[in-house]
Amino acid sequence: MEQDPMREVKRLEVVIDALHVEAVLRTLHDAGVDGYTVVREASGWGDRGARRPDGISGVFENCLILCAVDPEVMEQVTTGLRPVLQRHGGVALLSDAQWITH
Amino acid sequence: MEQDPMREVKRLEVVIDALHVEAVLRTLHDAGVDGYTVVREASGWGDRGARRPDGISGVFENCLILCAVDPEVMEQVTTGLRPVLQRHGGVALLSDAQWITH
Amino acid sequence: MEQDPMREVKRLEVVIDALHVEAVLRTLHDAGVDGYTVVREASGWGDRGARRPDGISGVFENCLILCAVDPEVMEQVTTGLRPVLQRHGGVALLSDAQWITH
Amino acid sequence: MLWRMDPSLLLENLRTPAILFFVLGGVAAILRSDLNLPQPIPKLLSIYLLMAIGLHGGVELVRSDLDGRVFAVLGAAVAFSAAVPVWTFFLLRFKLGTADAAAMAATYGSISAVTFITANNFLDNLHHPDPGYTAGGYMVAAMALMESPAIVVGVLLARLFAAPPTSEAEPYAGLGGRAPGRRARGGAARLDGGELFREAFLNGAVVVLIGSLLIGCVIGERGWTSVKPFMYDPFKGVLCLFLLDMGLVAARRLSDLRSCGAWLIGFAVVSAPVHAALGIAVARGLGLEPGDALMLAVLAGSASYIAVPAAMRLAVPEANPSIYVTMSLGVTFPVNITVGIPVYLAVIQWWWS
Amino acid sequence: MLWRMDPSLLLENLRTPAILFFVLGGVAAILRSDLNLPQPIPKLLSIYLLMAIGLHGGVELVRSDLDGRVFAVLGAAVAFSAAVPVWTFFLLRFKLGTADAAAMAATYGSISAVTFITANNFLDNLHHPDPGYTAGGYMVAAMALMESPAIVVGVLLARLFAAPPTSEAEPYAGLGGRAPGRRARGGAARLDGGELFREAFLNGAVVVLIGSLLIGCVIGERGWTSVKPFMYDPFKGVLCLFLLDMGLVAARRLSDLRSCGAWLIGFAVVSAPVHAALGIAVARGLGLEPGDALMLAVLAGSASYIAVPAAMRLAVPEANPSIYVTMSLGVTFPVNITVGIPVYLAVIQWWWS
Amino acid sequence: MLWRMDPSLLLENLRTPAILFFVLGGVAAILRSDLNLPQPIPKLLSIYLLMAIGLHGGVELVRSDLDGRVFAVLGAAVAFSAAVPVWTFFLLRFKLGTADAAAMAATYGSISAVTFITANNFLDNLHHPDPGYTAGGYMVAAMALMESPAIVVGVLLARLFAAPPTSEAEPYAGLGGRAPGRRARGGAARLDGGELFREAFLNGAVVVLIGSLLIGCVIGERGWTSVKPFMYDPFKGVLCLFLLDMGLVAARRLSDLRSCGAWLIGFAVVSAPVHAALGIAVARGLGLEPGDALMLAVLAGSASYIAVPAAMRLAVPEANPSIYVTMSLGVTFPVNITVGIPVYLAVIQWWWS
Ligand SMILES: Nc1ncnc2c1ncn2[C@@H]1O[C@H](COP(=O)(O)O)[C@@H](O)[C@H]1O
Ligand SMILES: Nc1ncnc2c1ncn2[C@@H]1O[C@H](COP(=O)(O)O)[C@@H](O)[C@H]1O
Ligand SMILES: Nc1ncnc2c1ncn2[C@@H]1O[C@H](COP(=O)(O)O)[C@@H](O)[C@H]1O
Ligand code: NA
Ligand code: NA
Ligand code: NA
């Protein structure tokens, strides 16, 4: 391998109303992350009560966003994310991970 | 910000048969967590063999439950969860994470 | 409990094109892991541009694979995984976790 | 008058297959059966229903000879959709915060396409000899026009009466109840006009309905014949399947009722006949036939649970969807389709005769 | 007798579009094609089929004049569903643990709605001049009644014969094989009666079937006419699509067969004709017409793969679904719909003539 | 000739309901409406369309009396599918790397079933008095045969001209642009023949199409009548719904066009009429009727977006799907169904008269 086999990254995980995913992704993008993954049709429960997509109104659907963030841009990500979470609710978790580079 | 920008939490992740999700959620709720997220229609493989939702019998469907747990209630969560896992199989992983409060 | 209540494991998370999930699972299986979980229909964005399943061509679908790996077999897993990622793209993250045994 | 109403219309309505399936869904949910139609089945069904009703409406529109009265109806429809939110808002402000009151106002000013479709189905199944007992194609146009104005008015109300941004926003009427510091805060002002327009007029449901209406206007009889076996013949059967799901969803919403309060539930029950009566009066004033009058009543009395919630979540995120969706889907919708429609028609029959 | 059976019935069955699509699905899966119908398509199709068969059954039920024989048929059906699990359980206990034997018993006592529908389709396509070759609407009622008793009996058997809770439970017959300490343990006793009742009688499939049957009884001819273009006309075509998926799923289950053993597979193959023969004998005793006799045979010979697995996972979680679902879906279902149905009819024709 | 083409055919096509719904979808996507049909709805619709077209084709095939000309058509179809990729590959290599050129070649050699279906729909809606203006059932067989050869040829080209494995592979034409070290590398050689065969011939779409064609051949008139209300009558209506989604997807792909370059877009636009013209010439040479000639033109001029992408992702993973899917789905498909089909028919009418 010409590179280091592992790279330290921050693993960011956001759960938010499906409608606001675009706002989160825009934030991530602007902060300079180089990728993300979105899983749709999650349900959940939190401050806003139970959120279970009912299929009719489309209202109570959550999404899970996963993003491996370079520690260097972590600061911008957090700064950008806070107002979005503040306005729209949702949860953001941060942990340490290693990216198996190749 | 009037609060601490980050809060240390335990990140709990349970994979279990779709039918038993309610039991896990009840346990979490009783233990006093303040939210959770559920992703449906996962497939997997474990002790019970391959689990791939076939759409006909509805049998082999897994769910993924994600929960940011306050370290204080972690003990109750683990205690409550064990018998459920024992009875119905499934996997529970615990790791450290930081909640980006806002 | 006749066993240790917690077991240290490595938490592996792979995001890859839905078509190549089988290759990853085969690798994991050969390396000797004892289970995994797959979440389908993820979307995302990375080196290969945006990946949003369009439902018509079926092309731009990602999957998320979650696997609790015994530290002992971690070496084999990484070795087996690298060529797959190299060939097909995708992301693999590794972190520490505890398995709530029961 | 009403207390002498012939109960046969009510029974007739409750024997309609679609209504019975709605009841089945409700009963199944109340008995806690695991029956459900997961996404995207309801989405498929609702797109189908909107396409079919729009297309048929467009075809009928071209068939009929339009006169001035049609434009009067359309104008009245738009006026309704814009005016209802205003008084609804000020009434509800006695009990709700600004955001929730505005979202409820938009919800009740807008319309429910499925209520409209169910009323149409009811009329159809009557097989009334008088042709005045069918709805004209322009009523579909009226429905399409009523979806959006209420959204615009609702958002404007939320902004005009929003608390100044520096102060802490109204306490969230939510069901959880964590530290207030995590609450969403007055941000309605941040959504720009373009986004609001897009939500109000380009919501998927609105686009399918208006698009299909326009397509129905241009395809001609030959085009209509070619798609009729899909777009018309199975319509009533598909409605059964959809209402089965509506019954499940509506009854499952009921568990949120407790946290909403009797006052609000009373509003959701009463607003339907009150607005419907207003619709009937306008229909009478415009000299409409009984069929069209029923449709206007139903549009006025129904509340949205698709287009408006989508818009409100973006434009007024401080409002709690558990309130406005529960009220429109769990209370007003069932009231309208089980009891409302036949009662409105009885009133119309009594007045028109 | 049978060895002189006219093979034309068999060929006739294999030329039915629905059966051919089942074969196509099976071949595609065996060739490892990537063809699949993801969730919730199969769910949508199976709810549609249950609604349609229930509704039609209800309409037919009202049309026919019920006499005492109908109640005899319904009683026999319930008795079958309750009795079959008993001997099945004691037979299978020779080879399986208590939990798995009980789950298999419930599976084989209950019925497969799609086998029923396929048999009905087969009868219909025969266009037999004798009206006795159509199934009465009450056979749908019989089917609905047979879903649940087997579940109750199966769970009771599991509890009565469960190992005492202190001892280590039976070794899991699973396919993985990790440390036994992680195994699920005898917990059947923990499920309370209410939950068991809900699973047995309020399973989504049961609710849709019985609900639609009741709705079919009350909507009358006019209601039926209004939904027929969706609920009846496309039925046989939708069955093709559903059986295509059943073929895929059944063939993919086959890879689990290896771990199940020849003995069990033998049971799954043989139980179908044995129970069907019993059903035929009862039908003869009750003096049923050939059409109804075939339906009773098929109900007796078929095994559940929707309602029972859902209930067993909750009530007897120690039982391994890879065993009971594989047997019913991968072995008994294909045997019944390809060979069973025409053979049962041939036997009936020979006996009744 | 063409500049004197009667514009009525073009207008006729643009007034077809299916095309109008395609336009509606495109407009909705361009206006950034949130309208969408989530998975697996499009999958269900496309399996339905393939089943229906295959079944009907099979039934028609048995009805017609086959002569030598049919085999000539089938042979020409296979030859087309195998030959088109060759020149396409060498042409595109001027601008693209080997992998992308090979994937594009396979894409354009193969066919689009929905374009075929739309052309069929167009012919049907013409209600032309001359029976030569309907497509024969063997054209469905020709379509089925054209799906796979292009895949095999494309993969072979990718392998023959692949860069030697030691060197760094061609720079990825992707849209992201991270460190080149993370790039996928020349690995086409690793896929064994069995997997390639499976992808080319056992892709879900191919299996459903060919399987339904064969089933259509054996079910006979009675079988066809029994499934017609599902497999034939609603077909044109379902096509509307599917094309609505195609419009959404195609227009949303357009945002990837910028990164593809004018040269490639030019190819996608021009290749359709060029290959179609070739198809028309061959049809003329074989003495086909106008209806069959149009279908051959459309098969030749269309590009795949289901079977080929699935195969290429496995067999030539270095190729960028954002290129070949965008070109076939976002450019060639709309060109063919809106303008191409009527123009090809105009040319055929001019030449055949
Ligand atoms: N503690 C938590 N752990 C995991 N997910 C959570 C948690 N709290 C909230 N969520 C998720 O975030 C969504 C929005 O949260 P909230 O804004 O608090 O209603 C909920 O519907 C859950 O899916
Ligand atoms: N080591 C593991 N890593 C991730 N998921 C697992 C693991 N083991 C089991 N699972 C998941 O948990 C489900 C139930 O596990 P089991 O009860 O062991 O069959 C499986 O179907 C998998 O989805
Ligand atoms: N930094 C990242 N964090 C999370 N997911 C990622 C990241 N980068 C890529 N991905 C996911 O991996 C998929 C394939 O990545 P790539 O091969 O880089 O296009 C993307 O579509 C994303 O879903
Ligand atoms: Na209204
Ligand atoms: Na049985
Ligand atoms: Na082509």
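Just so we're on the same page: letters track the sequence lines, and every chain starts at 1.
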Undergrad: If we ignore hydrogens and angles and just use 3.5 Å, is the side chain of F:Asp233 paired with the main-chain N or O of D:Pro229 as donor and acceptor?
TA: no
Undergrad: Find the one option among F:Val27, F:Leu24, F:Thr16 whose heavy-atom pairs under 4.5 Å with chain D are most numerous.
TA: F:Leu24
Undergrad: Counting heavy-atom pairs under 4.5 Å with chain F, which one of D:Gly204, D:Gly223, D:Pro234, D:Ala310 comes out on top?
TA: D:Gly204
Undergrad: May I ask you to name which of F:Cys240, F:Ala28, F:Ala18 has the most heavy-atom pairs under 4.5 Å with chain D?
TA: F:Cys240
Undergrad: Working to the nearest 0.5 angstrom, can you tell me the gap between D:Thr225 OG1 and F:Lys236 NZ?
TA: 9.5 Å
Undergrad: Let me know if F:Phe235 has heavy atoms under 4.5 Å from chain D in its side chain, its backbone, both or neither.
TA: neither
Undergrad: Please examine the side chains of F:Glu12 and D:Arg222, heavy atoms only from C-beta on, and report whether any two atoms are closer than 4.5 Å.
TA: yes
Undergrad: Just verifying a value: how many Å separate F:Leu35 CG and D:Leu202 CG, rounded to the nearest 0.5 Å?
TA: 10.5 Å
Undergrad: Heavy-atom pairs under 4.5 Å with chain D - which of F:Leu20, F:Leu244, F:Val23 has more of them than the others?
TA: F:Leu20
Undergrad: Under 4.5 Å, heavy atom to heavy atom: which of residues 206-214 of chain D reach chain F? Give them by number, or say none.
TA: D:Val207, D:Val208, D:Gly211, D:Ser212
Undergrad: Let me confirm one number: the CG-CG distance from D:Leu44 to F:Leu241, rounded to the nearest 0.5 Å.
TA: 6.5 Å
Undergrad: Could you tell me which portion of D:Leu55 (side chain, backbone, both or neither) has an atom closer than 4.5 angstrom to a non-hydrogen atom of chain F?
TA: side chain
Undergrad: Measure the CG-OH distance between F:Leu37 and D:Tyr48 for me, rounded to the nearest 0.5 Å.
TA: 14.5 Å
Undergrad: Any side-chain heavy atom of F:Pro38 within less than 4.5 Å of one from D:Lys43?
TA: yes
Undergrad: If you tally heavy-atom pairs under 4.5 Å against chain F, which of D:Ala205, D:Gly220, D:Ser226 wins?
TA: D:Ser226
